[in-house]
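Computed over heavy atoms, backbone and side chain alike; hydrogens, waters and symmetry mates excluded. For reference, positions follow the sequence shown, starting with 1.
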Amino acid sequence: MEEEKIILPDNAFRELKEGEKYEPVMSPQRTYAEVNGWSVTWGVLMAMLFSAAAAYLGLKVGQVFEAAIPIAIIAVGVSTAAKRKDGLAENVIIQSIGACSGAVVAGAIFTLPAIYILQAKYPEMSASFMKIFISSLLGGIIGILFLIPFRKYFVSDMHGKYPFPEATATTQVLVSGQKGGSQAKPLLIAGLVGGLYDFIVATFGWWNENFTTRFCALGEDIAEKAKLVFKVNTGAAVFGLGYIIGLKYAFIICLGSLAVWWVIVPGMALIFGDQVLNQWDPTISTAVGAMSPEEIFRCYGKSIGIGGIAMAGIIGIIKSWDIIKSAVSLATKEMKGKGGDAKVQVRTQRDISFKVIAIGTIITIAITFLFFWWGVMEGNLLFAVVAILLVAVIAFLFTTVAANAIAIVGSNPVSGMTLMTLILASVVMVAVGLKGTGGMVAALIMGGVVCTALSMAGSFVTDLKIGYWLGTTPKKQETWKFLGTLVSAATVGGVMMLLNETYGFASGQLAAPQANAMAAVIDPLMNGIGAPWLLYAIGAVIAIVLTIFKVPALAFALGMFIPMELNIPLLVGGAINWYVTTRSKNEDVNKERGEKGNLIASGFIAGGALMGVVSALLRFGGVVFDYESWWASPLSEILSLVAYILLIVYFVRATKLAK
């Protein structure tokens with residue numbers, strides 16, 4: 001009967017008054033069965049399942065969904081069904097191990113597929129399962145070790161000052177364990193609807209996956225002459241993602257997208273109509289005016305986005321410099337004065353000891369150095385030393401930026417920070433003499449390690465906040481996070497190789513926008529051609545101007561960089577979120593509808609992504625349906641729009657509350 005009394009204290013989400021203490025849901029004085037066969041088995045299972053789903057969706061769309069919420073819902077469902085006694089304590093551990101999936105996936109897929117993409121151009125390049133696995137694993141471990149000293153700062157010192165949107169949503173799901181049945185049902189139905197919808201498109205191609213203005217002759221004319229085009233991906237998973245991101249950020253992302261597609265692309269065609277701009281890419285031989293809008297975007301527009309993302313990352317570090325300083329001094333104090341008070345520390349404040357973290361960090365960095373020296377740099381000591389210094393310093397500095405971003409908006413700007421790392425790594429490695437394809441592989445693997453470390457740090461701060469609110473033992477969360485990282489790294493390596501075999505990263509069937517950008521950035525740098533610095537500079541200036549006007553530069557720059565058809569559905573999802581949560585005059589009704597919408601959107605994302613993996617497996621097994629000629633017909637796009645409208649109508653109706 002104890003479950004009935006589980007409610008979050010009223011000071012869970014606000015700042016504490018002078019002398020006030022936060023008492024978590026589970027008493028710090030009691031011990032709970034947190035880690036056992038049940039929680040570890042389910043945690044590992046979730047890590048495998050969601051690593052596969054997130055890797056597929058991330059490579060297809062370029063957005064990695066955070067697995068924390070769907071995992072929490074499944075954990076609550078199975079523990080309610082099995083009538084577990086210490087369900088809440090176990091569920092936090094299941095969620096913590098399982099959530100490694102999204103973190104490791106983001107780190108791996110943003111960089112490592114670039115090796116395959118460049119392989120099409122340079123056949124001598126190669127990526128083995130072991131290289132992908134080891135770089136993801138080491139990156140994940142570095143991220144965990146670097147974040148633990150900052151735990152107390154982010155989680156307890158800043159209590160109530162940061163909104164932690166994702167941690168809040170996950171905590172609500174775990175606390176409402178009693179509602180397990182009533183929450184699991186809409187999630188399951190939405191998972192089936194979204195999964196089936198995306199599966200029909202990916203496998204049988206009954207309707208097109210995109211609707212564009214090129215479906216009619218007039219639209220085709222406008223695209224060719226004025227270089228104006230409109231595109232929207234009509235998938236269920238991307239729509240769900242838009243709903244969860246919400247209208248504000250979706251709107252800013254779309255503004256960035258439209259700025260490139262409707263201002264910069266047509267503007268360049270007008271100004272440089274008969275010129276061939278190929279200073280940094282000798283393969284470009286077409287005049288700007290003769291290119292399609294898509295080609296202008298690929299050759300020029302994307303680079304402006306890259307400059308914006310990189311600058312937004314630098315601004316992030318400058319803004320969080322004080323946080324880095326205060327957290328480092330906190331960790332140093334803890335290390336010096338640890339001795340006596342370890343025995344009296346309450347359960348909910350126990351971390352892995354700082355001595356263990358220090359030794360663990362040294363060992364991990366030493367192993368990473370050996371991996372670089374023998375596995376990547378082929379025995380060149382100088383290259384390996386420079387590489388490990390770059391990786392360690394950048395990962396440490398950006399750790400707080402990642403954690404800060406998650407704490408404020410719930411999304412981690414990993415791709416921007418990794419682009420910065422790659423540009424820096426390439427410039428430095430070329431300076432010490434590492435060029436060509438060897439240099440490309442080296443820089444991408446370094447980027448993979450840094451990217452996974454940052455992604456893991458951001459994801460882990462969410463887990464620790466959930467644990468803080470509910471009263472878990474931090475030490476147990478920290479210890480078992482390493483197992484989740486190991487499982488996720490192995491799964492991601494496998495899924496990436498499967499998708500490369502099935503679709504091929506260079507084929508254009510997988511968007512993999514981040515990896516494509518990394519490949520585009522690194523190729524000229526490593527061949528001594530130089531980079532489109534002018535375009536990067538334009539993007540950087542845009543980011544600075546946006547920051548001055550208090551517009552989130554990172555969201556805008558991501559919009560400039562990710563293809564338009566993947567940004568518009570975010571706005572559609574965000575607009576539906578606004579509509580669903582403002583229809584009633586009763587605030588409570590709006591709030592409940594919004595929460596139900598979150599469940600359905602989570603179902604769309606998880607279902608769509610999992611069925612995407614199934615579709616890829618079928619294709620890998622040789623089950624292929626030929627629908628290319630049908631998709632070339634405008635009718636397939638009109639049908640796509642009809643299906644999309646029906647999906648949205650279903651979503652809005654499903655958010656209505658039962659009378």
Side-chain angles (χ1 to χ4, degrees), residues 46 49-74 77 101-102 105 169 173 182-211 232-246 250 495 511 565-577 579-580 593-618 639-656:
M46 294 293 107
L49 192 68
F50 282 94
S51 292
Y56 171 78
L57 193 71
L59 291 166
K60 189 97 175 95
V61 181
Q63 293 276 5
V64 174
F65 68 95
E66 287 297 341
I69 297 170
I71 291 173
I73 292 167
I74 294 170
S101 55
V105 165
V173 169
S182 64
Q183 284 207 333
K185 194 179 165 199
L187 184 86
L188 207 68
I189 296 169
L192 287 169
V193 172
L196 204 60
Y197 180 97
D198 282 1
F199 183 69
I200 287 170
V201 177
T203 311
F204 308 115
W206 286 2
W207 56 84
N208 207 307
E209 63 179 347
N210 294 319
F211 171 78
V232 57
N233 176 297
T234 56
V238 201
F239 169 76
L241 210 63
Y243 183 92
I244 285 180
I245 288 173
V495 170
E565 61 268 31
L566 301 175
N567 290 327
I568 300 294
L570 299 183
L571 186 61
V572 176
I576 296 297
N577 181 330
Y579 174 66
V580 163
R593 278 181 184 159
E595 280 171 9
K596 196 165 181 198
N598 273 334
L599 282 177
I600 300 164
S602 297
F604 273 13
I605 292 171
L610 287 170
M611 292 314 281
V613 175
V614 174
S615 183
L617 282 168
L618 284 174
L639 199 61
S640 166
L641 188 63
V642 172
Y644 196 45
I645 292 167
L646 289 173
L647 182 79
I648 294 169
V649 169
Y650 161 76
F651 187 97
V652 173
R653 294 194 62 162
T655 57
K656 283 189 176 167

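Two residues are said to be in side-chain contact when any heavy atoms from C-beta on lie closer than 4.5 Å; I189 and I600 fail this criterion. Here the side chains of I568 and N233 are not in contact, with every heavy-atom distance at 4.5 Å or above. Between F199 and L618 there is a side-chain heavy-atom pair separated by less than 4.5 Å. Residues V232 and F239 fail the side-chain proximity criterion, which asks for heavy atoms closer than 4.5 Å. Proximity of F50 to I74: side-chain heavy atoms (C-beta onward) are separated by under 4.5 Å at one or more points.
The one candidate from V580, N598, I576, L599 that meets the side-chain contact (heavy atoms from CB on, under 4.5 Å) condition with T655 is V580. When each of L641, I648, V642 is checked for a side-chain contact (heavy atoms from CB on, under 4.5 Å) with I645, only L641 meets the rule.
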Check against side chain to side chain contact (heavy atoms under 4.5 Å, CB included), N208 and T234: CA-CA 8 Å; N208 207 307; T234 56; over 6 Å; no
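The minimum heavy-atom distance between G240 and F604, with the atom names listed, is CA-CB, 4.4 Å. The heavy-atom pair separating S101 from I71 by the smallest distance is OG-CD1, 4.4 Å. Minimum heavy-atom separation, A237 to I605: O-CG1, 3.6 Å.
How far OG1 of T203 is from CG of L196: 10.0 Å, rounded to the nearest 0.5 Å. Rounding to the nearest 0.5 Å places NZ of K596 at 10.5 Å from CZ of F651. Atoms CG and CG, from N577 and L570 in turn, are 12.5 Å apart once rounded to the nearest 0.5 Å.
The salt bridge (Lys or Arg N to Asp or Glu O under 4.0 Å) pairs that include a residue from residues 193-202 number zero, where partners must be two or more places apart or lie in different chains.
Between the side chain of Y243 and the backbone N or O of G594 there is at least one donor-acceptor pair closer than 3.5 Å.
Atom OH of Y579 has 12 or fewer heavy atoms from other residues, nucleotides or ligands within 6.0 Å.
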